[in-house]
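None of the values given here were measured: they were computed from a predicted structure. Note on naming: letters A, B, ... go to the chains in the order of the sequence lines (proteins, then strands), and numbering restarts at 1 for each one.
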Protein chains: 2
Amino acid sequence: MDRMKPNISMAVIRRLPKYYRYLNELMEKGITRISSKEFGRILGFTASQIRQDLNCFGGFGQQGYGYNVRELRDEIANILGINKTKNAIIVGAGNLGQAIANYSGFRGSGFVLKAMFDINPRLVGISIRDIKIMDIDDMGEFIKNSGVNAGIICTPKEGAQSVADRLTGEGIKAIWNFAPTDLEVPEDVIVENVHLSESLMVLAYMMNERDRMENTQ
Amino acid sequence: MDRMKPNISMAVIRRLPKYYRYLNELMEKGITRISSKEFGRILGFTASQIRQDLNCFGGFGQQGYGYNVRELRDEIANILGINKTKNAIIVGAGNLGQAIANYSGFRGSGFVLKAMFDINPRLVGISIRDIKIMDIDDMGEFIKNSGVNAGIICTPKEGAQSVADRLTGEGIKAIWNFAPTDLEVPEDVIVENVHLSESLMVLAYMMNERDRMENTQ
DNA sequence: TATATATTGGTAATTATTTAACAAATTGAT
DNA sequence: ATCAATTTGTTAAATAATTACCAATATATA
């Protein structure tokens, strides 16, 4: 009975977490209302863009008033689905995996870390924040019994695809991938990549570009 | 004496590291030439997009032949500036900072980690991969003496802006920021953000969206 | 050498995204 | 209660990004 939404572009979706973050900051400051103009000034966006983005999901504002900060924040939380609990496991418990396990941003996005897995016997048995690192061969059974919704891949490039295969084979339909490779997964599986090296190369490009500019002038 | 380049969009720049990665893989397989058509098939891009992107920087291909894999890879490395050495320091030596310090992708992007800093006396003195964690109050002097080109911020949100201020105050003009906040810096300072929580929220959205689709049908 | 096939670089067309404009509604001041 | 000042949602215009197209040129083959 839902009205058919025209597909919402990823450009819009990727701005929502920023809106959410700034709305929380406004709340902390005790600000209860905000106009798209002022919000845009704070975020560095145009007022038009903010109104256009929000209107993809509904008319949350009021003419002459603006937007209620708390209400808009709650709406965006709901759109993002971060108020729904999702169980996650980390595969690859090396430095990065352990850092992610300690990452405090999970709860703010609705994710709860349930277990960690690794192939390295030296790591198996260690606990990180009360989460025991288990042998990856026990992963299938754990997933079956524990209602896992998402897998976080923190392995080196070489192991990533086979981990993805095992995860999707067990019915996991969402992957947060830190391995520097593009995973091949069934089309109903969602993959969100965090490619650190690509980010670093973009930083290198911009540094290089600025140097070029300076040397040309 | 350089011809004036029309500004190249970030959309193009952010695809270059992926081109670079796949070209390296092709080289490892011993493949010496590639057409935009075949390259596009591998990457999941259109051939047009690849040719258009590459032509922003010059005509690296040859009609009837395609692109020489090694040559194109080297050109892209040069465009990205990843073959130039850049000295970096990490500020914030907690879990994430230590994981980044252990990150093997540095050398592939031309970055060399020179030092780590923290305010926590328990961490100061520890070494990670031969890099000693130093007190943040010694940072200014270190930067003056060691030719540091980039700062990597791995602190919590609260400390990030003041770290950015100190870094830019010491003349650092490039920041790789992992703190979940938008840094305010002078306009000649480059900031590349890695906002993990935003990435995670986008994953949450996509999971949520798929559930909505399934429940509607 | 001649000819069919492949493939680029560049331009044009299309599609997507962002920004501008404005009627309609609301607030707040007098 | 009236009126000026705000501000939204929405439509239109402008800008940006992607894709299609094709002449020019190279390769490969007979």
Side-chain angles (χ1 to χ4, degrees), chain A residues 3-19 22-23 26 31-76 79 198 202 205, chain B residues 3-19 22-23 26 31-76 79 202 205 209:
Chain A
R3 76 193 148 85
M4 186 59 185
K5 260 182 302 189
N7 279 346
I8 290 157
S9 81
M10 282 308 288
V12 174
I13 302 305
R14 292 200 179 275
R15 281 191 291 269
L16 293 182
K18 186 164 175 179
Y19 294 154
Y22 276 87
L23 287 166
L26 289 173
I31 296 168
T32 58
R33 61 182 269 192
I34 187 95
S35 68
S36 59
K37 186 180 170 190
E38 174 65 5
F39 201 37
R41 199 190 53 74
I42 296 170
L43 274 76
F45 296 162
T46 64
S48 256
Q49 177 156 76
I50 290 169
R51 291 204 301 276
Q52 194 81 297
D53 282 357
L54 296 179
N55 255 84
C56 294
F57 305 99
F60 305 129
Q62 202 165 9
Q63 286 151 323
Y65 177 89
Y67 298 85
N68 178 289
V69 172
R70 175 188 293 272
E71 195 179 297
L72 184 56
R73 187 205 56 166
D74 291 346
E75 288 284 2
I76 292 177
I79 292 162
E198 296 189 4
V202 170
Y205 172 86
Chain B
R3 75 193 149 89
M4 186 58 187
K5 259 182 304 188
N7 277 348
I8 290 156
S9 80
M10 283 308 289
V12 174
I13 303 305
R14 292 202 178 273
R15 281 191 291 268
L16 293 181
K18 185 164 174 177
Y19 293 155
Y22 276 88
L23 287 166
L26 288 173
I31 295 168
T32 58
R33 62 182 268 195
I34 187 94
S35 69
S36 59
K37 186 180 171 189
E38 173 65 3
F39 201 38
R41 199 190 54 74
I42 296 170
L43 274 75
F45 295 164
T46 63
S48 256
Q49 178 157 74
I50 289 170
R51 292 205 300 276
Q52 194 82 299
D53 282 356
L54 296 179
N55 256 82
C56 294
F57 305 99
F60 306 129
Q62 204 165 7
Q63 286 149 323
Y65 176 90
Y67 298 86
N68 179 290
V69 172
R70 174 186 295 271
E71 196 178 295
L72 183 56
R73 186 204 56 164
D74 291 345
E75 289 283 3
I76 291 177
I79 292 161
V202 170
Y205 171 85
E209 181 64 12

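The side chain of A:A11 lies closest to C:dT17, out of D:dT10, C:dT17, D:dC21. Nearest nucleotide to the side chain of A:Y67, out of D:dT8, C:dT7, D:dT19: D:dT8. For B:S48, the listed nucleotide lying nearest its side chain is D:dT19; candidates were C:dT18, D:dT19, C:dT27. When the nucleotides D:dT8, D:dT27, C:dG28 are ranked by their closest atom to the side chain of A:R33, C:dG28 comes out on top. In this structure, of D:dT18, C:dT19, D:dA26, it is C:dT19 that holds the atom nearest to the side chain of A:Q49. Here the nucleotide nearest the side chain of B:R51, chosen from D:dC21, D:dT19, D:dA24, is D:dC21.
A:N7 has its CG atom 15 Å from the C1' atom of C:dT17, to the nearest Å. With rounding to whole Å, A:I34 atom CD1 is found 14 Å from D:dT6 atom C1'. One atom, CD1 of A:I50, and another, P of D:dT6, lie 19 Å apart when rounded to the nearest Å. Whole-Å rounding puts the A:R14 CZ to C:dT18 P distance at 13 Å. Computed from coordinates, the B:N55 CG to D:dA20 P distance equals 17 Å when rounded to whole Å. Computed from coordinates, the A:Q52 CD to D:dT11 C1' distance equals 9 Å when rounded to whole Å. As rounded to whole Å, 15 Å separates atom C1' of D:dC21 from atom NZ of B:K37. In this structure, B:D53 places its CG atom 11 Å from P of D:dA17, rounding to the nearest Å.
A sub-4.0 Å separation between OP1 or OP2 of C:dT7 and a side-chain N or O of B:S36 is absent. Dashed line: the shortest gap from a side-chain N or O of B:T46 to OP1 or OP2 of D:dT18 is not under 4.0 Å.
Counting non-hydrogen atoms under 4.0 angstrom, A:F60 reaches the backbone sugars and phosphates but no base.
Contact annotation: the side chain of B:L23 approaches that of B:L72 to within less than 4.5 Å [non-hydrogen atoms, C-beta and beyond]. Residues A:I42 and A:I34 have side chains in contact (heavy-atom distance under 4.5 Å, counting atoms from C-beta outward).
In this pair, B:F39 and B:Y22 present their aromatic rings perpendicular. The plane angle is above 60°, beyond the 30 to 60° band.
For B:Q63 and C:dT8, a side-chain-to-base donor-acceptor distance below 3.5 Å is present, hydrogens and geometry of angles not being considered.
Taking all atoms of both residues into account, the shortest heavy-atom contact from A:F45 to A:R15 is CE1-CD, 3.6 Å.
Residues A:Q62 and A:F45 each lie close to DNA chain C; by heavy-atom proximity, the contact nearer the 5' end of the strand is made by A:F45.
Both tests pass for B:R33 against the ring of B:Y65: distance under 6.0 Å to the centre and angle within 45° of the axis.
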